[in-house]
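The sequence lines fix the lettering, A, B, ..., with proteins before strands; numbering per chain opens at 1.
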Amino acid sequence: MNIGFRAGLVGSAVVLVLAGCGGGGDQAAQSPAAAGAEEKVLNVYNWSDYIAEDTIANFTAKTGIKVNYDVFDSNEVLETKLLAGNTGYDVVVPSAQFMERQIKAGVFQKIDKSKLPNLANMDPEITQRVALHDPGNEYSINYFWGTDGIGYNEAKIKAIMPDAPVDSWRLIFDPAVAAKFKDCGISILDAPSDVRSIVLAILGKDPNSQDAADLALVEERLLAIRPFVRKINSSQYIEDLANGDICIAVGYSGDVLQARDRAVEAGQGTVIKYSIPKEGTVIWFDMLTIPSDAKHVGNAHLFIDYLMDPQVAANNSNTVKYANGNAASFQFVSDVVKNDPSVYPTAEVKAKLFPELATNEEYTRLLTRAWTRFSTGQ
Amino acid sequence: MTGRAESPTSQRLSTGVQLILRVLHHFAPHRWTHARLLKWGVTGRTLVIAVPYLWLLLFFLVPFIIVLKIAFSETQIAMPPYQPLVHWVGDKAVNLTLNFGNFLFLLEDNLYWKAFLNSLKVAGISTFFCLLIGYPMAYAIARADSTKRNVLLMMVILPFWTSFLLRVYAWIGILKNNGLINNFLLWTGVIDQPIVMLQTDFAIYVGIVYSYLPFMILPLYSNLEKMDLTLLEAAQDLGCGPFKAFMKITLPLSMPGILAGSMLVFIPAVGEFVIPTLLGGPESLMIGKVLWTEFFNNRDWPVASAVAIALLIFLVVPIVYFQRVQARETGGGVHR
C-alpha cells in the first residue's frame, strides 16, 4: 500500500542515526557575530562532568551572557575539531600536552592578561609547571590538574595478596605481581602517551624520552603484562571499579575518586582507594584557551576571569574532586577535598610528578603502532 | 502490487517539473525559454534524472575528491594538519606535489592487512547470520495477510525511532557480567559464574546482526512480496514438494533481494566503528578503528585518507565486478 509512508519511515530513521552520531556543537557554530559590539553569547566546549552545576547559571546571572555549553570526553575529538577550524567555540579546555602542539599549529590566540584581574589568584607553582607546555603562559590558564595513579579495591587485593605493593607501579607493571590479579581484573587507561611515560619512569628512563629503543623496552614490558590485563579504556573503569568488575585500574585521580563515591553510594561495603605510586607519575593539566577564530573574545575573557574567582574555583573543585591551580581558592575548598592527598598531593609526592610533554609526529606514530600491538595482544 | 507504487512518485515528480517549466514558460520575460530549454535537451525527464546525479555528485564525488586530495598530501603542524597540494609559483605557474608515500606506507605495515582481513571476516559472518535470521522473517512478512503485514513491517522499522547509539548501549546492559542475561541465568541456577559476553567478538556479532537486520529484511521483503505465487502452484502441480519448490523457485527468484540485502549489511559492517568500540574488546582489530587511530591519535589525516581510499578500492572494485557478473547471469545485461 503506502510506499510513500514506508519510505518516510526509513528516511526519518536515517536522520535519527545521523543525529545520534554527529551530535553536538553544530548549533553553537551558527551564531553570527554581531557587527560592532559583541553579542551577549559565549560558546564553551568543556570536558563532561567537569563543572559545578550552578557555575554557568551564576555567570549568566552576573553578566547577562548566554552560555552554550557543549561537552566532549576525549582530547583527540577536541583536537580534530580544532585543527579542522571554524568550531564556533570561544573557550575550549584541552589537556596541556595536546595544547602544546595545538599552540604550534596556530589554533589559539594569546590571552589578554589585562582583562583578567583574577589572574593574581593563580598558584605560581602550577603556572610555572604549565609553562613547560605553554612558554610564558601566553595562551592558557589552568582550569584543573591531576595525576595518573592506581585505583584499587582494597578488600579484594588484600585477599589475594596481603602484602600487595599498592604504593608502587609494580602492582600492575611487574608481570609476577600482575599475574596474581588476572582473574580479579586489571584495567589500563587507553592513553598510549601516559602509559608509556609511566613505564619509562619504572624502567628508570626519562619519562619524556622519544627514543625508539626506549619505546621497544616499554613495549616489551607492556606485552609481558598483557595476558593479565582485562580492559583497556579511559572511562568505563569508573563503573567497573565501583561495581567490582575489576579490582585494579590505572586511572585519572578524579575518576577513581568518583568510583570511590559511587561504591560508597551503592552501599555494598566496597572500598575503593587511590594511590600515587612512589616511582612517580604523570601530572596533567587541563587548560582554558581561546581559539584563534573565536567570535566572542571579550566574553571569553570575562568567563575565564569568572572561573578564576576564588569562590567559583573552589565550588568547582568541591564538585568534581579535581585540584585547581588557584591558590586564593584554597581557603574555600571543603576540608574533605583539601585534605585528601589524592586530590592535593603532599609536597613530597608532588616533587616526584613529571609532566607529559607533546611527542613529535614520527614518535607518535611509532607509539600508536606499539600501542595497537599491545591492545590487540599481537 | 508494490512495483507500481514507485512510478506515481516519479510521475508526480516529473509533473512537478513540467509544472515549473510551464510556469517558467508563462512568466518568463521571453516566451522562448521553454523552447530553448528543449533545444538544449532539458526536458522534464532529464531534470528528474539530474536529481540523483546531483546528489551523487554533491555527497559522494565531492567528498571523495577532498579525501583523495588529502591522501596525496603530507602532514604538517597547522590548521588543517596537512600541506596543500597546489602551490603557486610566481604569478602564473602552478606546482602540484603528489605524495604517494602514504599509500606505500600502507603496504609496508601488515597492520592494515590484518585489520582489513579481520573486518572482512567480521562483516562476512555478520552478513551470513543476518541472512539466516532475516530471510525467514522477510518470508513470513511477505506471506502474511495484508493487515498483519503492515504491523509486522512497522515492528521491523520501529527500532529506528530510537537512536542507533542508544540501542547499542542497551546491549551493554544486556550482555555485561552483571547484566540482564547473566543475572537471569545466575538466578535460575543454570550457571554459577557470569559468562563473559561483553567485550568479546561474540558481542560484536550480536551488535552488528541486531543493528543491520532491518537492512537485510526490507529488500528481501520487497523482493519476496513481488513474487508470482502462481509459479509455486505450477511447481506443485508438476510434483514438487514445498521444500523443493522453495529451492527451485523461491530461492533463485529472491537472489536479487539476497544480494541487495547482503550488500547493505556487508559494506557498512566492514567499516563499522561504533559497535566494535562499544561492545568489542581491545583485541578486536578492525579497519574502522585503525582509521580512527590514524585520524585522531596520530593526527595523520593523509594516511587516514589513504586508508579510506584503499578500503574503497578493495571493497568497491570486487563488488562492482561481482554485480556485473551477476547481472549477466540473471540476464540483466540487457541494459548495456
Side-chain angles (χ1 to χ4, degrees), chain A residues 1-7 9-10 12-21 23 74-77 79-80 82-86 101-102 104-107 188 190 192-193 226 229-233 236 239-240 243-245 292-293 360-361 364-365 367-369 371-378, chain B residues 1-2 4-6 8-9 12 75-82 105 109 111 114-115 118 146 149-150 153-154 157-168 172 176-178 194 196 198-199 211 214 218 222 274 281-285 289-290 292-301 303:
Chain A
M1 46 126 238
N2 202 334
I3 283 285
F5 174 59
R6 265 179 236 152
L9 285 182
V10 175
S12 51
V14 170
V15 170
L16 275 174
V17 170
L18 288 176
C21 297
S74 102
N75 267 309
E76 284 81 8
V77 170
E79 178 165 83
T80 305
L82 288 173
L83 289 177
N86 293 319
R101 196 171 34 229
Q102 289 154 7
K104 287 182 192 145
V107 169
I188 287 185
D190 190 7
S193 188
R226 181 64 185 89
V229 175
R230 185 178 300 167
K231 294 182 179 184
I232 301 171
N233 68 60
Q236 179 72 28
E239 195 193 329
D240 292 342
N243 66 23
D245 274 353
S292 43
D293 52 8
N360 66 42
E361 301 303 303
T364 307
R365 183 175 259 173
L367 177 62
T368 315
R369 277 300 128 77
W371 190 256
T372 305
R373 284 191 292 269
F374 163 63
S375 33
T376 55
Q378 287 171 358
Chain B
M1 287 287 274
T2 6
R4 71 173 162 75
E6 271 136 10
T9 327
R12 219 179 303 143
T75 49
Q76 64 174 2
I77 298 182
M79 292 168 69
Y82 56 88
F105 183 74
D109 199 321
L111 169 81
K114 276 189 192 163
N118 195 47
S146 60
R149 197 185 295 163
N150 288 322
L153 266 182
M154 266 301 279
I157 296 164
L158 210 59
F160 281 124
W161 290 67
T162 317
S163 156
F164 161 74
L165 212 53
L166 280 181
R167 286 182 287 128
V168 177
I172 296 180
K176 65 181 182 180
N177 276 2
N178 54 358
V196 180
L198 194 62
Q199 291 183 315
S211 303
L218 294 177
S222 76
V274 173
E283 307 81 27
S284 65
L285 181 66
K289 174 75 181 165
V290 169
W292 196 92
T293 317
E294 288 297 346
F295 195 74
F296 287 90
N297 286 23
N298 291 351
R299 292 170 305 280
D300 198 333
W301 292 21
V303 164

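- Applying the salt bridge (Lys or Arg N to Asp or Glu O under 4.0 Å) rule to Asp109(B) yields the partners Arg369(A); only residues at least two apart in sequence or on another chain are considered.
- Under the 4.5 Å side-chain criterion, counting only non-hydrogen atoms from C-beta, Arg365(A) is in contact with Val303(B).
- Among all heavy-atom pairs drawn from Phe296(B) and Thr80(A), the shortest one is CD2-OG1, 3.0 Å.
- Heavy atoms closer than 4.5 Å to chain A are found in the side chain of Glu294(B), but not in its backbone.
- Neither the backbone nor the side chain of Tyr82(B) has a heavy atom closer than 4.5 Å to any heavy atom of chain A.
- For the side-chain contact (heavy atoms from CB on, under 4.5 Å) test, residues two or more places apart in sequence or in another chain that qualify with Glu283(B) are Arg226(A).
- At a 4.5 Å heavy-atom cutoff, the contact between Leu82(A) and chain B is made by backbone atoms alone.
- Neither the backbone nor the side chain of Val229(A) comes within less than 4.5 Å of any heavy atom in chain B.
- Both the backbone and the side chain of Asn298(B) come within contact range of chain A, judged by heavy atoms closer than 4.5 Å.
- For the set Ser292(A), Ser375(A), Ser74(A), the count of heavy-atom pairs under 4.5 angstrom toward chain B peaks at Ser375(A).
- Of all heavy-atom pairs between Pro282(B) and Ile232(A), the closest is CB-CD1, 3.9 Å.
- Note: Arg101(A) leads Gln236(A), Lys104(A), Glu79(A), Arg101(A) in heavy-atom pairs under 4.5 Å with chain B.
- To the nearest 0.5 angstrom, Asp245(A) atom CG is 9.0 Å from Gln199(B) atom CD.
- Top candidate by heavy-atom pairs under 4.5 Å with chain A, chosen from Lys114(B), Gln76(B), Lys176(B), is Lys114(B).
- The closest side-chain donor-acceptor pair between Asn297(B) and Thr368(A), if any, does not fall under 3.5 angstrom.
- One distance of note links CG of Leu111(B) with CZ of Arg373(A); it measures 8.5 Å at 0.5 Å rounding.
- In terms of heavy-atom pairs under 4.5 Å with chain A, the best-connected choice from Arg299(B), Lys289(B), Met79(B) is Arg299(B).
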